[in-house]
4 protein chains.
Amino acid sequence: MSTPKNKGVRADGRRNRARILAAAEGVFADNGPSASTEQIAVRAGVAIGTIFRHFPTKQALLQAIMKDLLRQLTDQADALAANGDPATALFTFFTQTVEQAVRKKSVIDLLARTGIDLQITEAVQLLDHSVHTLLTRAQDVGAITPTTRTDEVTTLLAAMCQATTLPSWNPDLQHRTLAVIFHGLTPNPPNPPNQANDKQAEH
Amino acid sequence: MSTPKNKGVRADGRRNRARILAAAEGVFADNGPSASTEQIAVRAGVAIGTIFRHFPTKQALLQAIMKDLLRQLTDQADALAANGDPATALFTFFTQTVEQAVRKKSVIDLLARTGIDLQITEAVQLLDHSVHTLLTRAQDVGAITPTTRTDEVTTLLAAMCQATTLPSWNPDLQHRTLAVIFHGLTPNPPNPPNQANDKQAEH
Amino acid sequence: MSTPKNKGVRADGRRNRARILAAAEGVFADNGPSASTEQIAVRAGVAIGTIFRHFPTKQALLQAIMKDLLRQLTDQADALAANGDPATALFTFFTQTVEQAVRKKSVIDLLARTGIDLQITEAVQLLDHSVHTLLTRAQDVGAITPTTRTDEVTTLLAAMCQATTLPSWNPDLQHRTLAVIFHGLTPNPPNPPNQANDKQAEH
Amino acid sequence: MSTPKNKGVRADGRRNRARILAAAEGVFADNGPSASTEQIAVRAGVAIGTIFRHFPTKQALLQAIMKDLLRQLTDQADALAANGDPATALFTFFTQTVEQAVRKKSVIDLLARTGIDLQITEAVQLLDHSVHTLLTRAQDVGAITPTTRTDEVTTLLAAMCQATTLPSWNPDLQHRTLAVIFHGLTPNPPNPPNQANDKQAEH
DNA sequence: TATGAATGAGAATTCATTCAT
DNA sequence: AATGAATGAATTCTCATTCAT
């Protein structure tokens with residue numbers, strides 16, 4: 001009765017936590033990572049104290065957002081690993097993620113800049129693991145150069161997500177730059193032309 | 001009177017301007033883009049008022065740094081266009097620039113995040129133009145896919161510069177990711193397919 | 001209904017009140033008088049709301065602690081008045097109290113700093129009364145200068161309790177400073193002159 | 001010309017520093033050590049930023065005040081050591097200091113509570129040294145018990161300064177409690193009895 | 001022109017207190 | 001009665017910018 005371990009009243013607590021996270025994501029996306037906590041409070045429709053009750057530090061809030069985001073990406077990667085065509089799943093994931101980055105701009109932007117030392121190692125590792133799976137499968141079917149390593153993929157992914165914030169960024173440019181990267185990941189004599197040639201050569 | 005193009009007492013005036021720019025670059029590189037103007041003043045060995053005399057706004061200072069940086073890059077690109085091997089000059093420029101980004105981290109970092117709306121269109125266009133030259137020449141000798149457009153190259157370049165700030169970044173990773181990109185820019189049957197073609201040609 | 005003097009469901013109500021008081025004393029002792037109510041709640045194992053139910057204001061909580069403390073001291077004084085040697089009881093009480101102050105530091109500390117205007121006049125008067133008894137008895141047996149008044153004693157006592165918080169405070173220093181005070185309270189030719197007289201008498 | 005080492009403009013700077021210190025002393029005396037920096041700014045007639053320019057931390061401000069105060073006391077002690085009657089100088093200093101404490105209340109109050117870890121060791125040692133001189137001289141002329149040590153004196157002094165903040169404090173009480181302490185510091189059979197005894201003993 | 005002190009709006013964070021559950 | 005989430009005023013501190021010297 002006096003030990004504070006009940007889980008009843010937390011219904012609204014958890015609801016607010018979510019609202020705050022959503023608001024924060026939005027505000028950071030709009031105004032960059034230096035947006036004030038006050039703005040977030042306003043957008044979330046709560047008092048500023050409420051934010052600090054849930055996330056005792058701005059850091060903590062940032063961390064939470066990043067973890068959330070990473071988890072989402074991980075889920076998507078896993079879904080593609082489970083259902084998608086191994087040959088294209090990684091590229092789909094890549095495209096999908098960049099697409100979302102456009103919407104979350106500086107949030108994803110933060111993702112990269114762990115210079116602010118958000119401790120999210122675990123969440124990053126989980127994502128890495130899922131990407132690794134996608135990569136391996138693609139390599140198994142010959143869709144991606146076998147020597148490619150996971151960190152190359154995630155780095156290129158992060159890079160393109162950040163590029164999303166460039167003023168010149170647009171869907172067409174996105175399509176063309178991703179094409180370059182995808183080509184860069186594809187084995188040298190891709191397939192079609194060579195096969196034809198090879199067949200002929202075999203005779 | 002305040003534009004640095006007229007003559008007069010500005011012997012040390014211009015010297016100060018340069019010192020401030022250098023100091024600012026250094027401070028931003030060391031302490032991130034949120035470094036205070038005061039710190040810059042200290043590093044430059046001038047009073048804070050002097051900084052604001054030269055750059056009426058922090059924005060203006062940022063702009064100046066970026067223009068400076070872009071001009072340097074442009075110069076390097078031009079040098080390579082003049083002296084380098086057309087087939088490799090663009091890749092050399094690419095590598096070179098990323099290499100520098102590693103050292104200037106948060107400066108380059110700012111470059112991308114033009115969310116701070118630095119009006120540097122002109123300097124960017126000059127760089128674009130120089131890159132365009134490098135690209136065209138490489139395409140002329142068949143070193144780069146002919147359909148590649150300049151904005152793809154600059155975007156990929158900016159992306160990789162930003163990736164430089166990732167905590168996992170290291171020379172090896174840099175080498176491998178750039179290799180992917182370079183491969184992505186290279187025409188499909190780079191060499192080996194030629195053998196097949198040659199065989200056919202032999203008939 | 002809210003005064004803790006009626007009967008009813010307050011079995012655990014009163015228990016909580018005590019727990020809170022104890023916790024508060026401890027927290028203040030450990031973290032200084034600026035400790036937050038939240039900390040007290042944690043240490044007491046109750047929710048913060050419960051604290052405010054029992055003590056509608058932080059002031060009220062402080063008051064309660066002080067009254068508690070004063071009552072304890074009063075009890076001890078009374079015990080010494082009942083059982084102790086009149087000649088030494090006051091000094092014993094003095095020493096005892098200072099000793100406790102060392103342990104309760106910032107609590108006693110608050111005691112003095114009634115700048116926070118705790119209205120505890122009554123409890124203070126009760127203590128004064130008990131001290132007065134001790135003093136009178138000591139004076140009756142010639143152990144303390146007859147002109148000494150109660151407020152001198154309590155003031156010196158309070159002063160020494162506060163001194164307890166000095167960084168240089170230690171048992172040896174405590175012993176020596178109290179010795180000075182005790183000497184100060186002792187009638188002028190306490191013994192030595194007598195010895196001289198005695199010696200003469202012996203001849 | 002560009003090195004910031006001139007000392008010209010600092011006229012107003014130093015003036016403000018003094019104003020701030022004075023204001024802070026006053027505000028703390030009135031409102032206790034938890035008074036806000038803003039209040040101090042108002043009383044000093046400067047913007048709050050100015051305070052933080054001079055004292056980068058509230059701690060620093062507190063420290064400065066304490067050092068100032070300690071220096072004043074040290075000066076007074078030294079003056080008395082130079083000019084005063086050795087037999088009474090220490091008591092005069094004691095009284096004088098307590099007298100001032102009445103006016104500076106919680107400032108002196110802070111003095112004691114170095115719990116807030118103001119690093120003022122040096123200033124404290126200087127004062128200790130001066131008090132030591134006063135004490136030694138008094139002991140040399142037999143005005144104070146020879147076994148008394150300096151730390152006893154300074155501790156009793158600090159204790160009485162703090163007692164100054166008690167609500168019951170008043171000039172009469174001050175006089176009487178100090179009398180107790182002075183008596184406590186005085187050799188047992190002050191003088192007259194000893195002479196008699198000594199003479200007899202000489203025989 | 002350079003200096004550096006002053007300004008003051010804004011940011012993060014804390015905490016006593018209230019109130020819905 | 002107890003719980004603990006929400007509130008929001010207050011506080012410390014920062015920093016771009018202004019201005020007297």
Side-chain angles (χ1 to χ4, degrees), chain A residues 1-17 34-39 41 45-59 61, chain B residues 1-2 8-10 12-13 16 34-39 41 46-59 61, chain C residues 1-2 8-10 12-13 16 34-39 41 46-59 61, chain D residues 1-17 34-39 41 45-59 61:
Chain A
M1 237 178 216
S2 47
T3 40
K5 292 226 165 176
N6 326 30
K7 302 218 165 173
V9 200
R10 297 238 170 82
D12 52 320
R14 216 158 331 148
R15 207 175 311 129
N16 262 349
R17 200 194 127 97
S34 65
S36 85
T37 309
E38 184 68 44
Q39 291 176 70
V46 301
I48 195 170
T50 303
I51 293 191
F52 281 91
R53 156 169 279 266
H54 286 281
F55 309 96
T57 290
K58 214 188 178 186
Q59 279 264 7
L61 178 54
Chain B
M1 243 182 210
S2 49
V9 207
R10 274 158 309 32
D12 53 281
N16 266 348
S34 65
S36 81
T37 311
E38 187 70 44
Q39 291 177 72
V46 301
I48 196 174
T50 305
I51 293 192
F52 278 90
R53 167 169 297 274
H54 285 284
F55 308 96
T57 291
K58 214 188 180 186
Q59 278 267 3
L61 177 55
Chain C
M1 244 183 212
S2 49
V9 208
R10 274 157 311 31
D12 53 280
N16 265 350
S34 65
S36 81
T37 311
E38 187 70 45
Q39 291 176 71
V46 302
I48 196 174
T50 305
I51 294 191
F52 279 89
R53 166 170 297 273
H54 285 283
F55 308 96
T57 291
K58 213 186 180 187
Q59 278 267 6
L61 177 55
Chain D
M1 236 178 217
S2 47
T3 40
K5 293 225 163 174
N6 324 29
K7 302 220 164 169
V9 201
R10 296 239 170 82
D12 52 320
R14 216 155 334 147
R15 206 175 312 130
N16 262 348
R17 199 193 127 97
S34 65
S36 87
T37 310
E38 184 68 43
Q39 291 177 71
V46 301
I48 194 170
T50 303
I51 293 191
F52 282 93
R53 156 169 280 267
H54 286 281
F55 308 96
T57 290
K58 214 188 178 185
Q59 279 265 7
L61 178 53

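Every chain is numbered from 1, with letters handed out A, B, ... down the list of sequences.
Note: D:Lys58 NZ to D:Ile51 CD1 = 10.0 Å, rounded to the nearest 0.5 Å.
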Go along nucleotides 12-18 of chain F 5' to 3' and tag each nucleotide: B for a protein heavy atom under 4.0 Å from its base, S when only backbone or sugar atoms are that close, - otherwise. SBB-SBB
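The side chain to side chain contact (heavy atoms under 4.5 Å, CB included) test applied to D:Phe55 returns D:Arg17, D:Ile20, D:Leu21, D:Ala60, D:Leu61, D:Ala64, not counting sequence neighbours.
Nearest heavy-atom pair across C:Ala41 and C:Ala47 is CB-C, 4.2 Å. For the pair C:Ala35 and C:Gln39, the tightest heavy-atom approach, listed with the atom from each and the gap, is CA-NE2, 3.7 Å.
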Let's test your reading of the pairing rules: Watson-Crick or G-U wobble, both distances under 3.5 Å, then write DNA chain F as a dot-bracket string with ( ), [ ], | and dots. .||||||||||||||||||||
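Rounded to an integer number of Å, the gap from NE2 of C:His54 to C1' of F:dT3 is 12 Å. Taking atom CZ of residue A:Arg15 and atom P of nucleotide E:dT21, one finds them 9 Å apart after rounding to whole Å. Rounded to an integer number of Å, the gap from B:Arg53 CZ to E:dG4 P is 14 Å.
Distance from the side chain of C:Val46 is smallest for F:dT3 among the nucleotides F:dA2, F:dT3, E:dT3.
Within the 4.5 Å cutoff, the side chain of C:Thr37 has heavy atoms near those of the C:Phe52 side chain.
The side chain of D:Thr50 contributes no N or O atom lying less than 4.0 Å from OP1 or OP2 of E:dA5. Dashed line: the shortest gap from a side-chain N or O of C:Asn16 to OP1 or OP2 of F:dA2 is under 4.0 Å.
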